[in-house]
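Written out below as C-alpha cells is the structure these notes cover.
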4 protein chains.
Amino acid sequence: MARPSTVVRVHRAVLDLVREVGVDGLTMEGLAAAAGTGKQTLYRSWSSPLHVLFDALLASSTADDGRVEVPDSGDLARDLRTLVDGIVDELTEPAGDALMRDVLTRLQVHPELSAELQQRLLGPQTAAIAERFRRAGVVDPEQVTELLLGPLFHRWLLRTGPFTDGWVRSHVELVLRAAG
Amino acid sequence: MARPSTVVRVHRAVLDLVREVGVDGLTMEGLAAAAGTGKQTLYRSWSSPLHVLFDALLASSTADDGRVEVPDSGDLARDLRTLVDGIVDELTEPAGDALMRDVLTRLQVHPELSAELQQRLLGPQTAAIAERFRRAGVVDPEQVTELLLGPLFHRWLLRTGPFTDGWVRSHVELVLRAAG
Amino acid sequence: MARPSTVVRVHRAVLDLVREVGVDGLTMEGLAAAAGTGKQTLYRSWSSPLHVLFDALLASSTADDGRVEVPDSGDLARDLRTLVDGIVDELTEPAGDALMRDVLTRLQVHPELSAELQQRLLGPQTAAIAERFRRAGVVDPEQVTELLLGPLFHRWLLRTGPFTDGWVRSHVELVLRAAG
Amino acid sequence: MARPSTVVRVHRAVLDLVREVGVDGLTMEGLAAAAGTGKQTLYRSWSSPLHVLFDALLASSTADDGRVEVPDSGDLARDLRTLVDGIVDELTEPAGDALMRDVLTRLQVHPELSAELQQRLLGPQTAAIAERFRRAGVVDPEQVTELLLGPLFHRWLLRTGPFTDGWVRSHVELVLRAAG
DNA sequence: GCTTAATCGAGACGGTACGTCGTGTCTTTGC
DNA sequence: GCAAAGACACGACGTACCGTCTCGATTAAGC
C-alpha cells in the first residue's frame with residue numbers, strides 16, 4: 001500500500017495534534033514532526049499552524065458534503081425549529097464545540113481565511129436558509145436570515161446563555177413574527 | 001513632578017505599543033522595555049501581553065464612564081435607530097475598529113477575561129437596552145435585545161456586509177415587528 | 001556557437017562565485033544555480049563545493065602549465081634568491097593570496113585532495129628545486145629543499161611576519177651555509 | 001557540591017564531543033545540548049563551534065602551564081635534538097595529532113583566532129627557543145628558530161614525509177651548520 | 001526516421017542546523 | 001530592600017542547504 005500523500009498526512013497530523021495540545025499548542029515544528037515532513041514542506045503550502053488547521057477542517061467538512069439540508073415541510077415554524085435545533089446541536093456538540101469556537105474566533109484576524117470560510121461554508125448555508133424564507137413568501141429573506149442566525153451566533157460566541165428548548169422556541173417565534 | 005506609577009506607565013506603554021506592532025506583536029519583553037520596568041514586575045500583575053492590553057483598555061474605557069446612554073424619547077422606533085446608529089458608529093470607527101475586533105476575538109480563548117468584559121461592559125449595556133424595551137411594554141425584553149444586537153454583532157464580526165442606513169432602518173423595523 | 005560543456009560551466013561558475021561569496025559561501029545549491037545545472041549533475045562529479053573549487057583551480061593552474069622554472073645560472077646564491085623572490089611574489093600576490101591560503105588550508109582536512117595537490121603541483125616543484133641543489137653538489141638536496149621552503153611556508157601560513165627583502169636575503173644565506 | 005559553571009561545562013562538552021563527531025561535526029545546537037545550556041548562552045560568548053573548541057583547547061593547554069621548557073645543558077646540538085624530539089612527539093601523538101592539525105588548519109580562516117594563538121602559545125615558545133640560540137651565541141636567533149621550526153611545520157602539515165630519527169638528526173645538523 | 005533510452009534542468013522532499021526572539025525563572029546590582 | 005536589568009535553559013521561529021528523489025524535456029542511439 002502506498003504512502004499517503006504529504007497533504008493527507010499533514011491534515012491527519014494537525015487534527016490529531018490539536019486534540020492533544022490545543023490550538024495554541026500547535027507549532028510548525030510540532031506539525032512537521034507529527035506528519036513526518038520537513039518544515040519547509042509545510043511553509044511551502046501554509047503560512048502558520050492556524051492555516052494548516054483551517055485547511056484540514058475545511059477539507060474534512062467539505063468532504064462529508066457540508067451541504068445544509070434546510071427542511072421544507074410546508075410548515076415554516078416547524079421547519080425553522082428543526083433547522084435551529086440542528087444548528088444548536090452542532091454548535092454545542094461537546095467534542096467540536098470548543099475547537100470550532102476557538103478556530104472561528106482566531107480566523108477573524110486573518111481576512112483571507114475568513115473570506116474563504118464565508119465563501120465555501122457560511123455563504124451557501126445562509127443562502128439556503130434565505131431561499132427557504134423566500135419560498136415561504138417572506139419579503140426580505142436575507143435580512144430575516146440574519147435575524148435568525150445573528151442571535152444564535154452571538155449567544156454561542158459570547159456564551160451569554162445556554163441554548164434551552166424554551167429559548168430556541170421563543171427565538172423562532174420572534175423571528176417569525178418579524179418575518180410577518 | 002513625580003514619576004508616574006508603574007501601572008500607569010505600563011498602561012500607556014501597551015496602548016502606544018499596540019498601535020505600532022499590533023496585538024500579535026506585543027511581548028512581555030517589549031512591554032517591559034517600553035514601560036521601563038523589569039519583566040518580573042509585569043509577571044507579578046499580568047500573565048500575558050493580552051491581559052495587559054485588556055486591562056489597559058478596560059481602564060481607559062471605564063475611565064470615560066462607558067455608560068451606554070439609551071435614549072428614551074417615548075418613540076421606541078426612533079430611539080432604537082439612534083441607539084443602533086451610535087453602536088454602528090462605534091463599531092465602524094476606523095481607528096478602533098480593527099483593534100476592538102482583534103481584542104474581542106482573542107478574548108474568547110481566555111474565559112476569565114471574557115467574563116470580566118461581560119460583567120463590566122457588555123452586561124450593563126444590554127441590561128440598559130432591555131430596560132428600555134421593558135419600559136415600552138415589550139413582553140420579552142431580554143430576548144428582543146438579543147434579537148437587536150445579535151445580527152449587529154454577527155455582521156460586524158463576520159464582515160458579511162456593510163452597515164448601510166437602509167440596513168439599519170429595516171433591521172430596526174424587523175425587531176420592532178417581532179417585539180409586537 | 002555551441003553551449004559550453006557542463007564541466008566548463010561549473011568551473012567558471014565556481015571561480016566567479018568564490019570571488020563574490022568566499023570559500024565558505026560556496027554551496028552546491030548556489031553552484032548549481034550559477035552554472036545552470038542540476039544539483040544531481042554536480043554530485044555526480046564532485047562531493048562538496050570545495051572539491052569543485054579545487055578541481056577548477058587545478059584545471060586553471062595546470063592549463064597555464066604551472067611548471068616552476070628553477071633558474072640555473074651557475075651562481076647558486078643568485079638563483080636561489082631569484083627563485084625565492086618568485087615564490088614570494090606568488091604567495092603575496094594580493095588577488096590570489098587569501099584564496100590560496102584559504103583553499104590550501106581547507107584541503108588539509110581532505111587527504112585525497114591533499115594527495116592530489118602534492119602529486120600534481122607541489123611534488124614536481126620541490127623535485128625541480130632539489131634537482132637544482134643536486135647539480136650544485138649539495139649532499140642532501142631533498143632536505144635542504146625543505147630547509148628552504150619550510151620557513152617560507154611557515155611564515156606565509158601563520159603570518160608571523162612580512163617577506164621583506166632583508167628577510168629573504170638572509171634566509172637564503174642561512175640555507176646556503178647549511179648546504180655547505 | 002556546586003554545579004560547574006557554564007563555561008566549564010561548555011569546555012568539557014566540546015572536548016568530549018569533538019572526539020565523537022570530529023571538528024566538522026560540532027554544531028552550536030549539539031554543543032548546547034551536550035553542555036546542558038541554551039544556544040543563546042553559547043552565542044553570548046562564542047560565535048562558532050570552532051571558537052568554542054579553540055577556547056577550550058587554549059584553556060586546557062594554558063592550564064597545564066603550557067610553558068615550553070627549552071633544555072639548556074650547554075651542548076646546543078644535544079639540546080636541539082631533545083627539543084625537536086619533544087615537539088615531534090607532540091605533533092605525532094596519535095590522540096591529538098589529527099585534532100591539532102584540524103584545528104590549526106581551520107584557524108587560518110579566522111584571523112583573530114590565529115592572532116590569539118600566536119600571542120598566547122606560539123609566540124612565547126618561539127621566543128624561548130630563540131633565547132636558547134642567543135645564549136649559544138647565534139647571531140640571528142629569530143631567523144634560525146624559523147629555520148628550525150619551519151620545516152617541521154611544513155612536513156607535519158603537508159604530510160610530505162614521516163618524522164624518522166634520521167630525518168630529525170640531519171635536520172638539526174643542517175640548522176646548526178646554518179647557525180654557524 | 002522513429003522510437004527507446006539515457007541524461008539533463010529543475011525543484012520537491014525529509015532532514016539538520018542556523019542565528020534570533022520570546023518565554024518564565026532566577027540572580028546580581030545600584031539606588 | 002526592592003525593582004531594573006539581564007543571564008539563563010528552553011523551545012519555536014522562518015531560512016538555507018543538505019543529499020535523495022522524482023519529474024518532464026531534450027538528446028542520442030539503435031533499430
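Numbered from 1 within each chain, the chains take letters A, B, ... in sequence-line order. Here the structure is a predicted model, which means the values were calculated and not measured.
- Scanning for side-chain hydrogen bond (donor to acceptor under 3.5 Å, both in side chains) contacts around A/Thr41 gives A/Arg44, with sequence neighbours left out.
- For C/Asp16, the side-chain hydrogen bond (donor to acceptor under 3.5 Å, both in side chains) test picks out no residue, with sequence neighbours left out.
- To the nearest 0.5 Å, the span separating CG on C/Asp55 from CG on C/Leu113 amounts to 9.0 Å.
- Between B/His51 and B/His110, the two ring planes are perpendicular [angle over 60°; tilted spans 30° to 60°].
- Every side-chain hydrogen bond (donor to acceptor under 3.5 Å, both in side chains) that D/Glu29 has, sequence neighbours left out, goes to D/Lys39.
- The side-chain hydrogen bond (donor to acceptor under 3.5 Å, both in side chains) test applied to D/Arg12 returns no partner, not counting sequence neighbours.
- Within residues 9-30 of chain D, the residues having any heavy atom under 4.0 Å from DNA chain E are, by residue number, D/Thr27, D/Met28, D/Glu29.
- Listed in residue order, the members of residues 33-53 of chain A having a heavy atom less than 4.0 Å from DNA chain F are A/Lys39, A/Gln40, A/Tyr43.
- Counting any heavy atom pair closer than 4.0 Å across all strands shown, A/Thr6 reaches sugar-phosphate atoms only and no base atom.
- For the pair C/Asp102/D/Gln108, no side-chain contact is recorded, criterion being any heavy-atom separation below 4.5 Å from C-beta on.
- A 4.5 Å side-chain heavy-atom check between C/Asp24 and C/Arg106 finds at least one atom pair inside the cut-off.
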